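Computed from a predicted model, the values in this text were never measured in an experiment. Numbers here are sequence positions counted from 1. Counting starts at 1 for both ligands and their atoms, in listed order. What you see below is based on every heavy atom in this structure, not just the backbone, and it leaves out hydrogens, waters and symmetry mates.
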Amino acid sequence: MAELKINDKERLSHIQPEIYGHFSEHLGRCIYEGIYVGEDSSIPNVNGMRSDVVEALKELKIPVLRWPGGCFADEYHWRDGIGEKEGRKKMVNTHWGGVTEDNSFGTHEFFELCRQLGCKTYINGNVGSGTVQEMSEWVEYMTFEGVSPMADLREKNGHKEPWRVDYFGVGNENWGCGGNMRPSYYADLYRRYQTYVRVYDAKRPLQKICGGANVDDYEWTRTVLATTHEHTPPQFHGFMDGLSLHYYVHPDGWEKKGSATEFDEQTWYRTLYKAYFMEELVSKHGAIMDEFDPDKKIGMIVDEWGTWYTCEPGTNPGFLYQQNTVRDALVAAITLNIFNKHSDRVRMANLAQMVNVLQAVLLTEGEKMIKTPTYHVMHQFRYHQDGELLASKLSGAKELDTKEGKLPRITESVSVDKAGCITVTLGNLSADEPEDVDISFADGIYEVCESTRVGGEIHAHNTFDDPETVKETEISDYEARGDKLHLTLPAGSVTLLRFMPKGN
Ligand code: AHR
């Protein structure tokens, strides 16, 4: 029997909503078909954005969206995506399937999407194949209010008011697809490029994100930070507000990856073990960040995370389209609980990717759309956004003895919101054994006001013919035992419990 003790008087750190962020790249059917179908589509849309997708995403309270890549960002030239659509330059999307990109979704469309979603904006600039001038002018185009060549061009293209860019990434994966650079070279480029990423509105300054490490490349983090970490006086809004980190879970390694839906129990555990590796990554990169930035002014920005399997049979391998099972639900729960626990340093994270690519929350086929198990977990966890992490301690749960090593059986995190409502998210990683848990509070007396569960047989997933095999269901299978709440977490499940102070 496990015991979860919650200290409702000990608030540890603020959970920035951006930890629940998303990522949409010009990759496969993420932007085109998945989000943007064009104004003339028979699929219901508002200004070209599919209404079903926007509505489903709004229910998740998406806090921030990253665009246009990914690897695509470092070969994207923003001027190709503005002006009359018929006149927009076509290009080859060399990274993703070699398909023709017609640039019909560009800067104006991205801001329209974020307006509809009501979310913050995270633009990723091009260092790999773009110039300093190009990056600088994009920022001027998007954010300068007044008379200037780029502001005038924006007005000519139909948008007089500047937009708000909340985050700006200076390159993507510059150790790989973004230019194959060495850390010291990229770090110097970062210093240079970010100089011209001007902050035109001091009241709403954009935050600059420096390109960080791939997985456990701690040398990259150390070298880049040594060159870039100083903060110039606040009026210059530099050098950096965040450092990124990318980590994907490939159950059978980068080369083989493994099927999204056909796996044995051993692979289930290997996948979850690899997801749990995020704990080590965040801790170790965080420790290096602490050396340079003990006051934690620089946020860790995990702007790409998720599972990456072999694509679905019969689909374009360059489109990274994959199914999503209860295993992905558990990966999401493990990862999001880790981010909550490290929210003193992790300020933003972006699930890769939002629709039809990798660990997507939504899948589409023509006019049909389904919510994945990951969607339902993100929906449960949305209550943590903007909460305060509470101290919580889990004891008594047996560890899972996997081939890879020991793995905690239960994942958890706890937060309190401004109204005093406490959110607990728990996952049982076991493929076949339920686990009993007693929950207690150090101080107040609470009662459950909401409780849901996502789970099922470990391979369970939703299809276009059967879209609700895995869904978030209300539960009431808990009971008060003295001053504790007792419940059983089924194998392969994620549980949300919300508590209000008794008598409220
Ligand atoms: O998300 C898919 C790709 O993974 C991104 O384009 C790239 O940044 C990463 O390697």
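For Gln359 and Trp305, the side-chain atoms include no donor-acceptor pair closer than 3.5 Å. Thr364 and Asn356 are linked by a side-chain donor-acceptor pair at a separation below 3.5 angstrom, with hydrogens and angles left out of the test.
Cation-pi contact between Arg327 and Phe263: present, with separation from the ring centre below 6.0 Å and deviation from the ring axis of at most 45°.
Scanning for side chain to side chain contact (heavy atoms under 4.5 Å, CB included) contacts around Thr310 gives Lys257, with sequence neighbours left out.
Using a cut-off of 4.0 Å between Lys/Arg side-chain N and Asp/Glu carboxylate O, Asp293 and Arg345 are scored as salt-bridged. Salt bridge Asp201/Arg164: absent, no basic N to carboxylate O contact under 4.0 Å.
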Short N or O separations between ligand 1 and the protein, below 3.5 Å:
residue  : atom   : partner : partner atom : Å
ligand 1 : 1 (O)  : Tyr248  : OH           : 2.7
ligand 1 : 1 (O)  : Gln353  : NE2          : 3.0
ligand 1 : 4 (O)  : Tyr248  : OH           : 3.4
ligand 1 : 4 (O)  : Glu304  : OE1          : 3.2
ligand 1 : 6 (O)  : Glu25   : OE1          : 2.7
ligand 1 : 6 (O)  : Glu25   : OE2          : 3.0
ligand 1 : 6 (O)  : Cys71   : N            : 2.8
ligand 1 : 8 (O)  : Asn172  : ND2          : 3.1
ligand 1 : 8 (O)  : Glu173  : OE1          : 3.4
ligand 1 : 8 (O)  : Glu173  : OE2          : 3.3
ligand 1 : 8 (O)  : Glu304  : OE1          : 3.0
ligand 1 : 8 (O)  : Glu304  : OE2          : 2.7
ligand 1 : 10 (O) : Glu173  : OE1          : 2.7
ligand 1 : 10 (O) : Glu173  : OE2          : 3.1

